[in-house]
Amino acid sequence: SKRYTKQIGFSCLATTGKGQLVLGSNKGELRLFNTASKINQNANTQFPGLGDPLIGVDVTEDGTWLLGTTKTYLIVIPTTIPDESGKTGFEKRMGTHKPIPRKLQLRHEDVARLDIRK
């Protein structure tokens with residue numbers, strides 16, 4: 001079985017309709033596994049974190065989009081690999097085809113206007 005050399009700190013998980021698994025960590029990393037039974041192996045694809053812990057993660061039923069939730073923003077990531085006939089990062093390593101995560105966050109002026117406190 002897979003043994004990590006350092007503490008990963010998994011904090012959340014979600015599955016696709018096919019049972020593929022995405023794990024989120026306290027470092028904001030996302031790891032994609034083809035099936036839950038392969039969690040004892042290395043992830044097919046790993047997205048680095050943006051520095052904040054993930055408190056929730058979700059994935060579309062077909063596995064083509066990931067949504068990560070932190071305390072102050074959301075991360076949206078497409079997982080479809082270009083030129084691979086619709087394959088996703090769950091099924092095959094994305095390598096250099098990893099997209100840049102989209103960070104969705106309220107603007108500072110909206111936080112002030114709506115009087116949102118941490």
Side-chain angles (χ1 to χ4, degrees):
S1 71
K2 173 71 177 162
R3 296 192 56 93
Y4 292 97
T5 57
K6 58 184 177 183
Q7 187 72 11
I8 300 300
F10 293 124
S11 58
C12 50
L13 66 91
T15 61
T16 67
K18 295 179 184 176
Q20 297 160 322
L21 185 69
V22 55
L23 289 173
S25 78
N26 290 326
K27 295 180 182 179
E29 300 167 332
L30 290 163
R31 295 172 192 235
L32 309 184
F33 297 88
N34 196 22
T35 63
S37 65
K38 293 189 177 189
I39 196 164
N40 62 346
Q41 298 175 7
N42 288 335
N44 276 353
T45 300
Q46 178 179 340
F47 294 100
L50 299 180
D52 296 301
L54 288 168
I55 57 174
V57 66
D58 205 355
V59 61
T60 55
E61 185 171 342
D62 62 1
T64 57
W65 289 93
L66 299 175
L67 176 70
T69 306
T70 72
K71 189 175 178 182
T72 57
Y73 60 88
L74 302 174
I75 300 170
V76 179
I77 305 171
T79 64
T80 304
I81 304 169
D83 303 326
E84 286 291 333
S85 300
K87 288 194 180 205
T88 67
F90 288 99
E91 301 160 307
K92 186 175 179 181
R93 294 186 187 279
M94 293 186 83
T96 59
H97 297 292
K98 284 184 200 171
I100 297 171
R102 297 288 183 180
K103 183 177 177 180
L104 305 176
Q105 183 174 15
L106 290 174
R107 294 180 296 181
H108 294 292
E109 56 266 23
D110 292 330
V111 172
R113 181 175 55 82
L114 297 170
D115 195 29
I116 298 173
R117 302 180 198 285
K118 290 186 179 183

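- The main-chain N or O of Thr70 is never found under 3.5 Å from a side-chain atom of Asp52 such that the two would form a donor-acceptor pair.
- For NZ of Lys98, the number of neighbouring non-hydrogen atoms (other residues, nucleotides, ligands) closer than 6.0 Å is greater than 12.
- Within a 6.0 Å radius of CD1 in Ile100, no more than 12 heavy atoms belonging to other residues, nucleotides or ligands are found.
- One distance of note links CD of Gln20 with OG1 of Thr88; it measures 5.0 Å at 0.5 Å rounding.
- The distance from atom SG of Cys12 to atom CG of Leu30, rounded to the nearest 0.5 Å, is 7.0 Å.
- Side-chain heavy atoms closer than 4.5 Å link hydrophobic residues (I, L, V, M, F, W, Y) into clusters, and following such links, possibly through other members, connects Met94 to Ile75.
- The CD1 atom of Ile116 sits 12.0 Å away from the NE2 atom of His108 when rounded to the nearest 0.5 Å.
- A salt bridge between Arg107 and Glu109 is present, with a side-chain N of the basic residue lying under 4.0 Å from a carboxylate O of the acidic one.
- The OG1 atom of Thr15 sits 10.5 Å away from atom CG of Leu23, with the distance rounded to the nearest 0.5 Å.
- Going from atom CG of Asp110 over to atom CG of Asp115 covers 13.0 Å, rounded to the nearest 0.5 Å.
- The main-chain N or O of Leu21 is never found under 3.5 Å from a side-chain atom of Arg31 such that the two would form a donor-acceptor pair.
- Looking at every heavy atom in both residues, Phe33 comes nearest to Phe90 through O-CD2, 3.4 Å.
- Considering only heavy atoms from C-beta on, Asn42 comes within 4.5 Å of Arg93 through its side chain.
- One N or O on the side chain of Thr60 and one on the backbone of Trp65 form a donor-acceptor pair closer than 3.5 Å.
- Residues Pro82 and His97 share a closest heavy-atom pair of CD-CB, 3.9 Å.
- Across Pro99 and Pro78, no two heavy atoms sit closer than the pair CG-O, 3.1 Å.
- Side-chain heavy atoms closer than 4.5 Å link hydrophobic residues (I, L, V, M, F, W, Y) into clusters, and following such links, possibly through other members, connects Ile81 to Leu66.
- For the pair Ser11 (side chain) and Leu54 (backbone), a donor-acceptor distance under 3.5 Å is present.
- In this structure, the side chain of Thr79 engages the main chain of Gly63 through a donor-acceptor pair within 3.5 Å.
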After noting the C-alpha distance and the side-chain angles of Leu32 and Val59, does the key distance pass the side-chain contact (heavy atoms from CB on, under 4.5 Å) rule? CA-CA 11 Å; Leu32 309 184; Val59 61; over 6 Å; no
Output, in order, the C-alpha distance, side-chain angles, deciding distance and verdict of side-chain contact (heavy atoms from CB on, under 4.5 Å) for Val22 and Phe47. CA-CA 11 Å; Val22 55; Phe47 294 100; over 6 Å; no
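- Note that OG1 of Thr45 is 10.0 Å distant from CD of Glu91, once rounded to the nearest 0.5 Å.
- The backbone N or O of Pro53 sits nowhere less than 3.5 Å from a side-chain atom of Asn26 that would complete a donor-acceptor pair.
- The environment of NZ in Lys18 is sparse: at most 12 heavy-atom neighbours from other residues, nucleotides or ligands sit within 6.0 Å.
- Tyr73 and Leu67 are assigned to two separate hydrophobic clusters, defined by single-linkage of ILVMFWY side chains at heavy-atom distances under 4.5 Å.
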